[in-house]
Participant: 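Quick one: structure below, then a few questions.
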Amino acid sequence: MRTIISKQKKRYLIWYIAVPFLLLGSLVSGQTPHFTRIDTGALVDEVIRGRGLYVVDYDMDGLPDLYVGNSTGTGDYGCGSGFNRPNLLFRNLGNGRFIGIKDSLIASTIYKHNSGSNWGDLDNDGDPDMYNDGELFINDGSGAFYPGRKVTDRNEVNAIWIDLNNDGFLDILTNVYFGGNYAYLNQRDGTFRETDAGDFNKKGVGGSQSFSMADADNDGDMDVFEANLCLFGACKPLVPNTLYINNNDGTFSSLDSSSALVSEVMVTPGSSWGDYDNDGDMDIYVLSMANKTDALYRNDGNLQFTKIVLDPGEAGNKMSYSSSWGDLNNDGYIDLFVSVVPEGNVISQNYTWFDNMLYMNNGDGTFRRVITGAVISDGGEPHVMDDFDNDGDLDILIGHGNGSPPCLIYTYLNDGNGKHWLNLSCEGTLSNRSAIGTRVRVKADVDGKPVWMMREISQENGVHSCNGPRLHFGLGQAVQADSIIIRWPSGHIDTYTDIPSNHFYKTVENKSFGKYLMTDL
């Protein structure tokens with residue numbers, strides 16, 4: 001069942017060039033996902049002012065939990081003051097139910113202004129730790145936390161974990177609004193030291209609220225896309241976004257500004273990477289608050305990108321907030337969800353579009369937009385996507401409260417459609433234990449056609465959101481994955497064949513592959 005192959009580069013080309021212009025026509029039965037909104041429970045009982053949602057299985061029970069950055073924004077909007085609030089921790093009880101954890105250190109610390117930060121196993125002991133606003137919170141293995149050594153006193157807006165020097169320990173990249181970018185190397189003893197990461201430090205303008213990362217050039221390491229929002233005078237003049245190419249030596253070089261991806265000022269809050277056309281490289285969806293027109297940049301290889309605007313005549317004049325890729329109908333192609341700030345927010349007088357946008361992937365390079373359902377009409381701010389009830393399909397959690405009521409988090413459970421799937425968790429050994437930077441390719445005979453799908457374990461989708469480390473693959477009618485190829489950050493590659501569908505699996509680098517949750521669905 002298991003073989004190991006040497007590292008190699010593979011490219012899967014498509015033989016068509018299709019402009020993804022969205023058309024609403026007759027939909028094939030079962031292709032459009034249906035969601036049930038959960039209006040009861042802890043997530044709607046708690047008034048929030050949060051603009052950050054982070055998925056993490058902090059107690060390691062196999063159910064994805066939720067951490068909320070809850071001290072943001074100005075004004076009231078019916079949600080109360082946005083300042084001096086503790087962040088929130090919700091434990092997943094299963095079946096779409098959560099409970100608030102009030103006695104945890106990470107849910108009792110008061111922050112004047114904090115959107116939450118990201119999670120990673122900084123000490124490689126098998127449990128997720130948290131970095132938030134210059135502070136470390138160490139998981140003791142039971143789901144409880146104690147304070148670690150402070151990393152910095154800088155007031156940071158966002159941070160991501162990445163193994164910058166590829167030593168098997170996670171490092172930290174941060175941004176300070178009205179400041180700049182900073183990098184910190186893990187010293188393997190619970191401390192971090194500041195380091196020069198090349199252009200990442202030199203060209204960081206300090207007007208960013210999010211980083212997203214992917215192996216954009218297919219060379220085995222993670223590159224970083226900086227969304228330059230630049231509002232409130234943080235950048236003078238406004239500047240385009242920046243793609244930092246990993247030099248694999250602890251530094252980055254910025255991509256030449258002639259590239260379509262980094263040549264246009266977009267005033268971007270966030271972005272999301274995903275291989276929407278299954279051609280073996282990572283494409284990116286970029287949000288915009290400048291001309292209010294988001295853009296999909298198709299990766300054509302060799303760091304060449306083609307700009308595509310979905311719904312150019314329809315979905316304009318909107319305030320996009322966050323975005324995520326995921327196979328919501330399990331047909332083998334990732335779909336795109338974009339949350340849009342709803343009507344009634346503090347700046348709504350300049351906007352006319354308030355519905356969320358769900359773009360279903362047709363599998364031929366085009367999309368269709370779903371226009372009905374509460375998951376669309378409710379609008380939204382931060383959102384995350386994962387299989388929160390562990391039933392084999394992706395659900396969506398959407399937060400409201402940074403700029404408008406109802407000041408809570410709605411759960412939208414996917415009703416499913418009977419198609420097959422598999423879900424994969426990864427643990428590094430030679431690589432960082434969180435496996436951040438791992439690329440997984442899955443081949444299956446999807447509805448009579450061989451399809452290669454690709455996912456990467458990274459951080460930050462959209463803005464102030466992280467979908468967590470689990471990787472979900474829809475397989476259509478396929479009862480198994482024919483091949484699974486896992487490329488770890490260390491460069492090691494594991495290959496597995498003939499993997500039955502409809503299971504949660506866990507793989508350990510160079511060691512094992514097996515069922516993780518013993519659930520037969």
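Treat the numbers as computed from the prediction; the structure is a model and nothing was measured.
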Participant: Just by distance, with hydrogens left out, do N87 and N70 show a side-chain donor and acceptor under 3.5 Å apart?
Facilitator: no
Participant: Does the side chain of N417 come under 3.5 Å of the side chain of H34 through a donor N or O and an acceptor N or O?
Facilitator: no
Participant: Without placing hydrogens or testing angles, list every side-chain donor-acceptor pair under 3.5 Å for residues 93-103, not counting sequence neighbours.
Facilitator:
| residue | atom | partner | partner atom | Å |
| --- | --- | --- | --- | --- |
| R97 | NE | G94 | O | 3.4 |
| K102 | NZ | E46 | OE1 | 2.5 |

Participant: Could you walk me through whether Y58 and Y67 satisfy the side-chain contact (heavy atoms from CB on, under 4.5 Å) test, starting with their C-alpha distance in whole Å, then the side-chain angles of each, then the deciding distance to 0.1 Å, before giving a yes or no?
Facilitator: CA-CA 9 Å; Y58 79 95; Y67 184 69; over 6 Å; no
Participant: Not counting sequence neighbours, which residues clear salt bridge (charged side-chain N to carboxylate O under 4.0 Å, His left out) with D59? List them please.
Facilitator: R91
Participant: Can you tell me if D163 uses its side chain to pair, donor with acceptor, with the backbone of N432 under 3.5 Å?
Facilitator: no
Participant: Quick check for you: to the nearest 0.5 Å, what is the distance between H400 atom NE2 and C407 atom SG?
Facilitator: 10.0 Å
Participant: Ignoring hydrogens and angles, tell me if any N or O in the side chain of S212 forms a donor-acceptor pair with the backbone of S272 under 3.5 Å.
Facilitator: no
Participant: For the residue pair N510 / T429, report whether a side-chain donor-acceptor contact shorter than 3.5 Å exists.
Facilitator: no
Participant: For a quick check under 3.5 Å, do E509 and S490 share a side-chain donor-acceptor pair by atom type?
Facilitator: yes
Participant: With sequence neighbours left out, write down each residue that passes salt bridge (charged side-chain N to carboxylate O under 4.0 Å, His left out) with D378, or none if nothing qualifies.
Facilitator: R37
Participant: Please name all residues satisfying salt bridge (charged side-chain N to carboxylate O under 4.0 Å, His left out) with D133, sequence neighbours left out, ordered by chain then number.
Facilitator: none
Participant: Are a donor atom and an acceptor atom from the side chains of W488 and D494 found within less than 3.5 Å of each other?
Facilitator: yes
Participant: When you measure from the side chain of D327 to the backbone of G332, do you find a donor-acceptor pair of N or O atoms at a distance under 3.5 Å?
Facilitator: yes
Participant: Would you check if the side chain of N248 reaches a backbone N or O of N166 as a donor-acceptor pair within less than 3.5 Å?
Facilitator: no
Participant: Please check if the side chain of S210 supplies one atom and the backbone of P269 the other of a donor-acceptor pair under 3.5 Å.
Facilitator: yes
Participant: Determine the sole option in N390, D387, D57 for which the side-chain hydrogen bond (donor to acceptor under 3.5 Å, both in side chains) test with R470 is passed.
Facilitator: N390
Participant: Does S434 reach the main-chain N or O of D121 with its side chain, forming a donor-acceptor pair under 3.5 Å?
Facilitator: yes
Participant: State whether a side-chain donor-acceptor pair under 3.5 Å links S142 with D140.
Facilitator: yes
Participant: Give a yes or no on whether the backbone of V340 and the side-chain of N356 come within a donor-acceptor separation of less than 3.5 Å.
Facilitator: yes
Participant: With sequence neighbours left out, what residues match S320 under side-chain hydrogen bond (donor to acceptor under 3.5 Å, both in side chains)?
Facilitator: D294
Participant: For E460 and N158, which I'm curious about, is there any donor-acceptor pair between the side chains at under 3.5 Å?
Facilitator: no
Participant: Taking F225's backbone N and O only, do any of them form a donor-acceptor pair with N241's side chain (distance below 3.5 Å, no angle check)?
Facilitator: no
Participant: For R433, which residues count as a salt bridge (charged side-chain N to carboxylate O under 4.0 Å, His left out) partner, sequence neighbours excluded?
Facilitator: E427
Participant: Scan D167, D171, D125 and name whichever one has a salt bridge (charged side-chain N to carboxylate O under 4.0 Å, His left out) with R188.
Facilitator: D167
Participant: Can you check whether P128 reaches M60 side chain to side chain, under 4.5 Å on heavy atoms?
Facilitator: yes
